[in-house]
Amino acid sequence: MPDKKDYYEVLGVAKDSSEKDIKGAYRKLAMKYHPDRSEEAGAEERFKEISEAYAVLSDPEKRQKYDQFGHAGINSQYSQEDLFRGVNFEDLLRGFGFGGGGARAGPGGESIFDMFFGGGGRSRGPARGRDLRYDVNITLEQAASGLESTIEVPRTENCSTCKGSGAKPGTAPSVCGNCHGSGQITRAQNTPFGQMVTASPCPKCGGKGQIITNPCGDCGGSGRVRKTRKINIKIPAGIEDGQHLKLRSQGDAGGQGADSGDLYVVINVMPHPNFQRIESDLLQERAISFTEAALGAEIEVPTLTGRAKMKVPAGTQTGTVFRLRGKGMPRLQGIGSGDLHVKVNIKTPSALTERQRELLEALALEFGEKRKAKSTEKEKSIIDKIVDEVKSAVQ
Ligand SMILES: [Zn+2]
Ligand SMILES: [Zn+2]
């Protein structure tokens, strides 16, 4: 790695300069060397140096580290490409967009929200393609097992006939005579405060610097076509509602030479009739009869993959929650699965048969709840036997 220049030297300021001085020096130099407008050889390199120096010296914490340890203190964590992308010429002209080094200047600073809501990609030159969002609905069972699928994504691609140039094959675009290929019209005015330079996109070529005289027949000269592209996706087991997959460079095509946008596949997990999901755990309500609750029973409960046996102990109260370990959702990160929680609700019987009614009346009598039922002596002996069984189970 070649020796790096001193950041203060790069900006032409003294070591004890104020923040304001540094900002002023940066702005002046950045306007002079911005590659969108400087014709000077090496302007782009110079601009990167300036941006990097400014990103460090404008941040009090980084500046202090730099003062103490030099370049080693900064750890070369600023990729020059990132810095370069973070600042655009219009922002400089307007005098903003670079407070604290620019929100977009730091590596990895772009959030998904920036992508969706237009935070990125404002720099000049061929624009990066747009990020796209595609929503996929899956069932809870599919979220549990994971799945591979093919989605059809409508997107903008470079025209294959003209390779994105917009010019009919065999012809070439000509240089715009109005801006001489720069794509910009700059105007210098002398004012009492010094020279003011304004730049605007060339109206003749729309800022491209080229004029297409023989447009490509397939894209009408735009260089872009709409295509619906089949894309394979792999949804991992355990994915949660609202999570997304990021497919790099599968979004809209960028301008010539620029990167394509990314494709965000947002996963919506549909609600399930039987299960409620809380992260990797599942919740289920299950009705049991009051005799099952009183006497205890082994019942079957549905799971996401089949059925499981569950023991309900004698004397179970309504609302009790039982846990079936490992019968929940697989964990996206980490090993194993969550649990299945089964809440039992005791169902009161209705529409009793005559026989059931008699048995229940006898039971009520035994509990001391009701006057003697109108059962015959013979039947009563059978009822007594059942009541005794129930009683011993409940106790
Ligand atoms: Zn074309
Ligand atoms: Zn032009």
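If you're wondering where the values come from, they're calculated on a predicted model, not measured in any experiment. Just follow the structure's listing: the first ligand is 1, and inside any ligand the first atom is 1.
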Salt bridge or not for E44 and K48, using N-O below 4.0 Å? yes
Only to 10 degrees, please: what angle do the SG atom of C159 and the SG atom of C219 make about the Zn ion (ligand 1)? 110°
Would you say C202 reaches the Zn ion (ligand 2) with an N/O/S atom under 2.8 Å? yes
Tell me whether E157 is salt-bridged to R155, with the criterion being a basic N under 4.0 Å from an acidic carboxylate O. yes
Run the ring pair (Phe, Tyr, Trp, His ring centres under 6.0 Å) check on Y33 and F47 step by step: do they pass? CA-CA 5 Å; Y33 290 107; F47 181 76; 8.7 Å; no
Is it true that R229 and E152 have a side-chain N and a carboxylate O under 4.0 angstrom from each other? no
The Zn ion (ligand 1): angle it makes with SG (C162) and SG (C216), nearest 10 degrees: 120°
Only to 10 degrees, please: what angle do the SG atom of C176 and the SG atom of C179 make about the Zn ion (ligand 2)? 110°
